[in-house]
2 protein chains.
Amino acid sequence: MPTRDGASLQERIVALIHERGLAPGSPIPTEVQLMELLGASRNSVREAVRALRALGIVEIRHGHGTFVGHASLDVLTPSLAFQVRSGPGGGIRALRDLVEVRELLETGLIAQVAQSTSVTRLAALEALVNGMDRDHGADRAFHALLYESCGNELVLQLIGLFWDIYHEVEPTLGPPEERTAEIVVNHRRIVAALRARDAEAAREAMRLHFRDVKARIARAKAPDTA
Amino acid sequence: MPTRDGASLQERIVALIHERGLAPGSPIPTEVQLMELLGASRNSVREAVRALRALGIVEIRHGHGTFVGHASLDVLTPSLAFQVRSGPGGGIRALRDLVEVRELLETGLIAQVAQSTSVTRLAALEALVNGMDRDHGADRAFHALLYESCGNELVLQLIGLFWDIYHEVEPTLGPPEERTAEIVVNHRRIVAALRARDAEAAREAMRLHFRDVKARIARAKAPDTA
DNA sequence: AACTATTTGTCCGTATGTATA
DNA sequence: CTATACATACGGACAAATAGT
């Protein structure tokens, strides 16, 4: 009769966090304390804590302690990346779905961006476009900065997440296809529409941007038709 | 010199799954095999596998073995619900962001649904609306069925995930506010627009639906203004 | 139905690396 | 620099669940 418990250790630890009202960043009882609190061995506690760490519920700092995590949707990254890569057709299908979601979000948001974004932010966006041929990460920063004014933290995290996964899987599509020129043109068109405060033009510019991205995926999908 | 490894055990196990081309459902090496494959002790292997299980990447069946999972995003529901609850203001802000994303996705997709959905599916949607006052889960099934014809698995998972999180946190907003009548009306309006193949009307009906949801959140945000 | 082999679940004890005081 | 507290890692042992003989 070791330790009959209906709920899993993970759930009991989460319940413990809620009961004590621990806010993100607060320290969690140490492993030995959890051992006697939950009546489990060190190994069981460690396995449960590792699972919670994977879920972003806790953060572990070696030699210091375990703390409540304020982590975000970043925990979706390994799961989504795995799903995309192991999907049918080498994940082309999943990649198409992912880009489609990005397009839905960005074309839906760009209208309110056209009205709310400040001129200083527009200048910063312009600077990012100018450095886009040199700095590969400028593209990610561009899309992040674009929707910062919306005040929706979740959207920012989702768009960043999708960008990361796409650029993690994208190399498997085939040869690099250096088309930075077109990419820069597409982004410049978006900024121009925003400067003109033309919501519909901005949305159309965003559609053109994603048209190119989807075309790249379609080429990889059927490379034998050439 | 125990086991020098740059990558974490989790990542190495995932890499191993990809190398062997293991499809969801196929068995992965046993713990003992993983021990010698990765050069780690059983406890370390177990901790890594538990973390992968939390992410939905593997499924463990006691006494049988460990298998590749489907990495469906809904395993992350408790984690994300926890994060939303821990957010500032009791999570009202995060909940508003979440509903906003749902609205972006659904209003963006409903147009192509109006064109592609079959009449039999419309009948099924109608049936769900009719049972919505009795079955609380009919709402979730409605939104899932709605976008099934789009052929985008990621969107389905995201909408289901967000629905689950919202309805897990929503009770903390305040009293239940039994307004099933209005909810049914809103959904019936959507189906009617779809039957007429009127994309713009469907989009407007969807906006009205979310207008009510957002109003509920706004009421909870400032209950003292009454 | 009973036994056995395989596999995961839990536990104990111990040693090591790391950050803080 | 030393000491303490903590997380990390290892190895061995037994219990519980499952599948097949």
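Note on naming: letters A, B, ... go to the chains in the order of the sequence lines (proteins, then strands), and numbering restarts at 1 for each one. Reckoned from all heavy atoms, side chains included, excluding hydrogens, waters and symmetry mates.
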Open item on the list: With a 4.0 Å cut-off on N to O distance, would you call B/Glu47 and A/Arg46 a salt bridge?
Closed with: yes
Open item on the list: C/dT8, OP1 or OP2 - any side-chain N/O from B/Arg46 closer than 4.0 Å?
Closed with: no
Task: Length of the line joining B/Arg53:CZ and C/dT7:C1', which is rounded to integer Å - done: 15 Å
Open item on the list: Can you tell whether the side chains of A/Glu153 and B/Arg93 come within less than 4.0 Å, N to carboxylate O?
Closed with: no
Open item on the list: For Watson-Crick and G-U wobble pairs within 3.5 Å on both distances, what is DNA chain D written in dot-bracket notation, | included for inter-strand pairing?
Closed with: .||||||||||||||||||||
- [ ] Between D/dG11, D/dT8, C/dT10, spot the one nearest the side chain of A/His62, thanks.
- [x] D/dT8
Task: Any B/Ser44 side-chain N or O less than 4.0 Å from OP1/OP2 of D/dT8 - done: no
- [ ] Provide, to the nearest angstrom, the distance between the CD1 atom belonging to B/Ile60 and the C1' atom belonging to D/dA17.
- [x] 14 Å
Open item on the list: It should be established whether A/Arg50 places a side-chain nitrogen or oxygen under 4.0 Å from OP1 or OP2 of nucleotide D/dA9.
Closed with: yes
Task: Rounded distance in Å - CD (B/Glu59) to C1' (C/dT8) - done: 15 Å
Task: Ion pair A/Lys214/A/Glu103, N-O distance below 4.0 Å - done: yes
Open item on the list: With a 3.5 Å distance limit and no angle check, can you tell me whether B/Glu36 reaches the backbone of B/Gln33 through a side-chain donor-acceptor pair?
Closed with: no
Task: Flag, side chain of B/Asp164 to backbone of B/Thr77, donor-acceptor distance under 3.5 Å - done: no
Task: B/His64 (side chain) and D/dT18 (base): donor-acceptor pair under 3.5 Å - done: no
- [ ] Please confirm whether any donor atom in the side chain of B/Asn43 sits under 3.5 Å from an acceptor in the base of D/dG11, or the reverse.
- [x] yes
- [ ] Using a cut-off of strictly less than 4.0 Å between a heavy atom of the residue and any atom of DNA chain C, enumerate the qualifying residues of residues 21-36 of chain A by number.
- [x] none
- [ ] Kindly give the heavy-atom pair with the smallest separation between B/Ala54 and B/Val75, and that separation in Å.
- [x] O-CG2, 3.8 Å
Task: Donor-acceptor contact present, side-chain B/Gln83 to main-chain A/Gly56, <3.5 Å - done: yes
Open item on the list: Rounded to whole Å, how long is the line connecting atom CZ of B/Arg42 with atom C1' of C/dT7?
Closed with: 8 Å
Open item on the list: Under a plain distance cut-off of 3.5 Å, with no hydrogens placed, do B/Asn43 and B/Ser41 share a side-chain donor-acceptor pair?
Closed with: no
Task: d(CG, A/Leu38; C1', C/dC11) in whole Å - done: 15 Å
Task: Contact under 4.0 Å: A/Thr66 side-chain N or O vs D/dC6 OP1/OP2 - done: no
Open item on the list: Determine whether a donor-acceptor pair (one donor, one acceptor, N or O, separation below 3.5 Å) exists between the side chain of A/Arg61 and the base of C/dT18.
Closed with: no
Task: NZ or CZ of B/Arg61 within 45° of B/Phe67 ring axis and under 6.0 Å - done: yes
